[in-house]
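Beneath this line is the structure, given in structure tokens, with notes to follow.
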Amino acid sequence: MSIDKNTVKHISKLARISLDDEKIDSLSKDLSSIIKFIEKLNELKTDETKPLTSIINSSLKLRKDEIKDGKIRDQILKNSPEKNDEFFVVPKVIE
Amino acid sequence: MSNLSNFSLTDLVKGIKKKDFTSLEITKTFVNNSENSTKLNTYITKCFDEAIIYAKNFDKKKDYKGLLPGIPIAVKDLFCTKNVKTTAGSKILHNFIPTYESTVTKKLWSEGAFLLGKLNCDEFAMGSSNETSFFGNVTNPFGDKLVPGGSSGGSASALASSLTPVTVGTDTGGSIRQPASFTGTVGLKPTYGRCSRWGIVAFASSLDQAGPMTKTVEDCALLLQAIAGYDPKDSTSVDIKVDNYNSNLTDKVKDLKIGIPKEYRVENMPSEIDELWKKGMDYLKDAGAIIKNISLPHTMYALPAYYIVAPAEASSNLARYDGVKYGHRSKGSNLIEMYENTRSEGFGDEVKRRILIGTYVLSSGYYDAYYLKAQKVRQLIKNDFDKAFKDVDAILTPSTPSAAFKMGDKKDDPVSMYLNDVFTVPVNLAGLPAISVPSGYDKNKLPLGLQLIGKPFDEQTILNLSLAIQKRANFKRNIKVWWK
């Protein structure tokens, strides 16, 4: 299946990446060739195969539910591009 | 004193313990080499002044308790380092200064090593030539305009040109082994779960592993020992004993069974690679191992499956870069526009391609056709290996289908770039350990590597077999210094 320009526009919206027309053109070409490449998998019959969801056989370890860290608000805010005291600042969301 | 930059890690550690030289002398050597390496473009961030201070303090204390006493190490810029900029080779993280340290680097420092700098890599580790970094291409010391491989290209280039004694990289589809092969160095991807992923900038979480990149197999065993182990902060790291890889290392590999998968003889592979592979079999036979032909029938489906699984996980992992909490932010008249502009300006072309592929294969109506299908194929690939390992102890293949190529050669054709990883990707999908060991040269005098694939958590066997190959191949890294 090829990825046409409208599909590129749709998925770029989902992925929150703005694209100009020239980029949409070149991505439509690139993504189509990648999709064509991965569609080789359709040669394989997999009706009887279970999907592999984890490579590790053992189940996840349980741990005690206890606080071991915290009080790192300033560290978390340190790299913020825009902040106001203890808050991240974003463009206005609610009118 | 002979030039310390040619010493292996093992000899540096020995020498420093015997007081043949000081940490400051070692550090000055590698700092000096690094300062004269601008043309290679391996460093994103240099910590040379801090390293010199650390070395001076080390020499005052002479604390030899760890495995890596007084050793300066530059690492891939995908490991978060406390108070040192960590970019993942991306504009979107160009100003990010972590307030914490990754577990793997923390382990290095707790063994007595210290940070020399942060090394260039493909953006978010997505690439096979180090041409996708926001901070520019890295050059292979084996030739001007030659790629070092990727994504750990800066690490491989810095190691081969003796800018750092050893380094650590990450491997999601071959990103340690392919650049090691292209630069005549040793690179090991441990079993999934062997090393902690905590504090490593995430690409594809079910495939990513950190691993050692070194000049010799002995160094590789030593460095793996330093970084391996369970970490409560990474729920996918596995709590089983870490072997003493270094002291257990032996080239006595008599009677080990080595599988040769016929599917790894691919079309258009240069005859030199086939010959190298045969030589590898001869080396191991000479060491007493038994060569057996095996089949891994789903090999050809590994790359297509990988290019569904990895982008799908990447599109999810990279959703966090929204210009709010850290990193680059662009202007926008509302929140959504700010997100869209930030991600458009912050990510490079290859990262955009993979995020969009990932978004597409996970989008409504396509999940079963692509992602679920890829997970099923991943199971088939794992079954191939499980079956093979009932009969053999390890598998020998070439590391790459070609030697290092020229910059720009494959840049405009994503699929031809992806084909570089045809021999390395199946291992990541199956979660297995694998190592690339330098074994010879092609007709253009470019290095070639052989790959050994092991059973889960049996890094020791592939290290031992690599040592047997190292001793017989007698590979010399013939690099003329042209970049100073």
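All values derive from a computational prediction rather than experimental measurement. Below, chains carry the letters A, B, ... as their sequence lines are ordered, and counting in each starts from 1.
Rounding to the nearest 0.5 angstrom, the gap separating the CG atom in A:L52 from the OG atom in B:S206 is 8.0 Å. Residue B:S237 holds its OG atom at 8.0 Å from CD1 of A:I56, rounded to the nearest 0.5 Å. In this structure, A:E48 CD and B:L380 CG are separated by 11.5 Å, a value rounded to the nearest 0.5 Å. Rounding to the nearest 0.5 Å places OG of B:S235 at 9.5 Å from CZ of A:R63. The OG1 atom of A:T46 sits 11.5 Å away from atom CD of B:Q375, with the distance rounded to the nearest 0.5 Å. Interatomic distance, NZ of B:K373 versus CG of A:L44, reported as 6.0 Å (0.5 Å rounding).
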Apply side-chain contact (heavy atoms from CB on, under 4.5 Å) to residues B:L356 and A:S12 and explain how you reach the verdict. CA-CA 6 Å; B:L356 293 175; A:S12 69; 4.0 Å; yes

For A:D30 and B:K352: C-alpha separation, side-chain torsions, deciding distance, then whether side-chain contact (heavy atoms from CB on, under 4.5 Å) applies. CA-CA 11 Å; A:D30 288 349; B:K352 282 187 188 130; over 6 Å; no

Go through B:Y301 and A:E43 one step at a time and tell me if the side-chain contact (heavy atoms from CB on, under 4.5 Å) criterion holds. CA-CA 9 Å; B:Y301 300 103; A:E43 295 170 10; 2.8 Å; yes

What's the verdict on side-chain contact (heavy atoms from CB on, under 4.5 Å) for A:L31 and B:Y360, showing C-alpha distance, side-chain angles and the deciding distance? CA-CA 10 Å; A:L31 300 192; B:Y360 179 70; over 6 Å; no

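In this structure, chain A has no heavy atom under 4.5 Å from any part of B:S315. Contacts of A:K78 with chain B are made by side-chain atoms alone, with heavy-atom separations under 4.5 Å and no backbone atom involved. For B:Y100, no part sits under 4.5 Å from any heavy atom of chain A, backbone or side chain. Within the 4.5 angstrom heavy-atom criterion, only side-chain atoms of A:K23, from C-beta onward, approach chain B. Using a 4.5 Å cut-off between heavy atoms, B:Y366 touches chain A through its side chain atoms alone. For A:F37, the parts sitting under 4.5 Å from any heavy atom of chain B are the backbone and the side chain alike. Only the side chain of B:Y370 comes within less than 4.5 Å of a heavy atom of chain A; its backbone N, CA, C and O stay farther away. Only the side chain of B:V415 has a heavy atom closer than 4.5 Å to any heavy atom of chain A. Contacts of A:L77 with chain B are absent, with no heavy-atom separation under 4.5 Å from either backbone or side chain. Using a 4.5 Å cut-off between heavy atoms, B:Y321 makes no contact with chain A at all. A:S26 does not touch chain B: none of its heavy atoms, backbone or side chain, sits under 4.5 Å away. Proximity to chain A (any heavy atom under 4.5 Å) is shown, for B:I240, by neither the backbone nor the side chain.
More than 12 heavy atoms of other residues, nucleotides or ligands shown are found within 6.0 angstrom of CG on A:D20. Heavy atoms from other residues, nucleotides or ligands lying under 6.0 Å from CD of A:E66 number more than 12. B:K411 NZ: 12 or fewer foreign heavy atoms inside a 6.0 Å radius. In this structure, A:K83 places its NZ atom where more than 12 heavy-atom neighbours from other residues, nucleotides or ligands lie under 6.0 Å away.
For the 3.5 Å distance criterion, the side chains of B:T99 and A:Q75 qualify, holding a donor opposite an acceptor.
Between chain A and the residues B:L207, B:N95, B:D239, the most heavy-atom pairs under 4.5 angstrom are made by B:D239. The most heavy-atom pairs under 4.5 Å with chain A, out of B:I355, B:L318, B:T191, B:I357, come from B:I357. Of all the listed residues (A:T53, A:V90, A:I34), the one sharing the greatest number of non-hydrogen pairs under 4.5 Å with chain B is A:I34. Interface remark: of the candidates B:M300, B:R329, B:K382, B:R329 forms the most heavy-atom pairs closer than 4.5 Å to chain A. Note: B:D349 leads B:D349, B:D322, B:I381, B:T342 in heavy-atom pairs under 4.5 Å with chain A.
With B:R343 contributing its side chain and A:R16 its backbone, the two residues share a donor-acceptor pair below 3.5 Å.
Salt bridge annotation for B:K376-A:D47: absent, with no cationic side-chain nitrogen under 4.0 angstrom from a carboxylate oxygen.
The shortest side-chain heavy-atom distance between A:N79 and B:K325 does not fall under the 4.5 Å cut-off.
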